[in-house]
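Step one of this worksheet: look at the structure below.
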2 protein chains.
Amino acid sequence: MSTAQGDAPGTGRGRRPVRPSGDDRELAILATAERLLSERSLGSISVDDLARGAGISRPTFYFYFSSKDAVLLSLLDRVVAEADSSMRQVFGTPATSAREGWSRAITAYYETFRRHRALTVAWAEARTTNAEVRALWSSVFERWVQQCAAAIDAERARGAAPQGLPARDLAVALTSMNERVLYATFTGDGPSVPESDVVDVLLGVWLSAVYGAVGDV
Amino acid sequence: MSTAQGDAPGTGRGRRPVRPSGDDRELAILATAERLLSERSLGSISVDDLARGAGISRPTFYFYFSSKDAVLLSLLDRVVAEADSSMRQVFGTPATSAREGWSRAITAYYETFRRHRALTVAWAEARTTNAEVRALWSSVFERWVQQCAAAIDAERARGAAPQGLPARDLAVALTSMNERVLYATFTGDGPSVPESDVVDVLLGVWLSAVYGAVGDV
DNA sequence: TGCGTAACTCGACACCATGTTGACTCGTTC
DNA sequence: GAACGAGTCAACATGGTGTCGAGTTACGCA
């Protein structure tokens, strides 16, 4: 957050700038949004709340962002980058065992969203009303699905996993499960799995779905 | 929508009533809501739209319902009743095989929501903003989870399924998967499983999760 | 037949949130 | 010191929600 305090525009050392710089204000808006989201729901936060929180008037807010959703999108970009990077890390490093590999993938997914709990919940809320948010979510989701499908195919190719459902369909179903279960766990409303067990439960289902051949029951 | 046209309140055959009855209007609002929801999203439908669609003014709408969400809740009550009844039917009838039993349960779940596609999607949207909708959803979800958990325990008791994850956690995870996967399939945005395959895919995951013991991988 | 009441209806209002406009300030640059 | 661009906000336009109070209509009952 770099806090101007003396090194702002051109003014020599020690001169306190009359106004905070534009960057500071933009960051202040983002910080306010993240703070307010950890306290109340996206829907109950108005543009005015964000502006006041950042010490500016509502019209000035629109100088920096085109809407409330644009702020959210901006915040989410960071999380997406983080998610992608942790995904690359997981699928890039060879696993010591299959269980360990999948466990790492699920844990990475879990940790990414846990670190940004409030944002994750707001994301889910905005997804239903905003097409851009929806698209951004889809892109993240799609990358996870592709990586998982590729990993499943690899396990089948080396003979470790049996053939069965199309790998992509399986990956979609399991990743969807992760998303929904983690959301319920984070918000705590409705039936949910306690946070301490959630990775184990998900892992259990993944392993049996990928490796457990079930012939005739 | 039934259209009064002569058989309304008390007035003898053929007398055209000056006003449609209150019940007619209430039903007209519900029908309008269902129709509009099949065309556009909940968020883009205003109370005024509902009122006009039902041939009344906006203030009059408030005579019948306290808000837009109240209309949705009213619509959902029917679906809940339907879901409960199909659930009772599924778990009430003995299955010819384990596969067939689970298949029937998943199909029932699928069919219930497929029949009310537009409502299901609106439900998901309202759930994030309205506590009552959230509570109603939780109650439906909870009943499914309990039934499934009981069924899993029964299969374990008779030796057909191995021990493993706690039955309830497993039921929560799998039911969550169903919900999220079906939602994606119905809306078609984001990675999803084609509607023709979705029951098979879900069933595959359920069977391996319930019956497929995976020891060390 | 006429009257009271309850059901019903809606114009007008108060309120709140969003997003835009246009005039203003203030540093920076030439 | 004029011109410029970044930043700022009062005031406005718009569109949605929910309420109030003054009506109208149907109907049971004296």
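To find a chain, count down the sequence lines: A is the first, B the second, and so on, and within it residues start at 1.
A salt bridge does not link E82(B) to R78(B): none of the charged side-chain nitrogens sits closer than 4.0 Å to a carboxylate oxygen. Ion pair R52(A)/D48(A) flagged as a salt bridge, since at least one NZ, NE, NH1 or NH2 atom sits closer than 4.0 Å to an Asp/Glu carboxylate oxygen.
In this structure, F65(B) places its CZ atom 19 Å from C1' of dT19(D), rounding to the nearest Å. In this structure, CD of E26(A) is placed 14 Å from P of dA6(D), rounded to the nearest angstrom. Across the protein-nucleic acid pair, Y64(B) atom OH and dA7(C) atom P stand 11 Å apart, rounded to whole Å. In this structure, N130(A) places its CG atom 14 Å from P of dT18(C), rounding to the nearest Å. When rounded to the nearest whole Å, the span between CG of D24(A) and C1' of dA6(D) equals 14 Å. As rounded to whole Å, 8 Å separates atom P of dA17(C) from atom CG of D49(A).
Annotation: proximity of residues 35-48 of chain B to DNA chain D (heavy atom, distance under 4.0 Å) is found for S46(B), V47(B), numbered in ascending order. Residues from residues 52-63 of chain B lying near DNA chain D, meaning a heavy-atom separation below 4.0 Å, are R58(B), P59(B), Y62(B) in numerical order.
Nearest heavy-atom pair, D200(A) versus L165(B), reported as atom, atom and distance to 0.1 Å: O-CD2, 4.0 Å. Heavy atoms only, all atoms of each residue included: S86(B) and T112(B) are closest at OG-OG1, 3.4 Å. Heavy atoms only, all atoms of each residue included: R35(B) and G53(B) are closest at NH2-CA, 4.3 Å.
The side chain of S67(A) sits closest to dG19(C) out of dG19(C), dT9(C), dT8(D).
No side-chain donor from either of D69(B) and S67(B) sits under 3.5 Å from a side-chain acceptor of the other. W206(B) and N178(B) share a side-chain donor-acceptor pair at under 3.5 Å.
A side chain to side chain contact (heavy atoms under 4.5 Å, CB included) with L37(A) is found for one member of V71(A), L72(A), V121(A) and no other, namely L72(A).
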